[in-house]
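Only one structure is covered here, and it is reproduced in the block below.
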Amino acid sequence: MAALVWLLIPVAAAVVALLWGTWAARNRKSGDISELAGYARFREAMERREAMERREAMERREAMERREAMERQDSGTGVS
């Protein structure tokens, strides 16, 4: 009987190893999909930020051009 108990130890270890191997080799598609979705959201946010920065730069440039045009008009009329 004692020999059977000693035989159960490697059999139990083999079963545990089989279960762990099955778990470790499982299909993990959901992780990649969520990571790719996160990267897509990051890329979209960066594109929105760049577009917003370009729009703000254009607005500043237009405001500066309007200010310069008004200064030219004021200096041409002699009004101080």
* Structure fact -> For W6, the hydrophobic cluster (side chain heavy atoms closer than 4.5 Å, chained through members) also holds I9
* Residues clustered with M70, ILVMFWY side-chain links under 4.5 angstrom -> none
* Asked: So do E35 and Y39 actually touch side chain to side chain, heavy atoms under 4.5 Å?
  -> no
* Side-chain hydrophobic cluster, 4.5 Å single linkage: members besides M52 -> none
* Structure fact -> In short, side-chain hydrogen bond (donor to acceptor under 3.5 Å, both in side chains) pairs touching residues 56-67 with sequence neighbours left out are none
* Structure fact -> Tracing side-chain contacts under 4.5 Å among Ile, Leu, Val, Met, Phe, Trp and Tyr outward from L8 reaches none
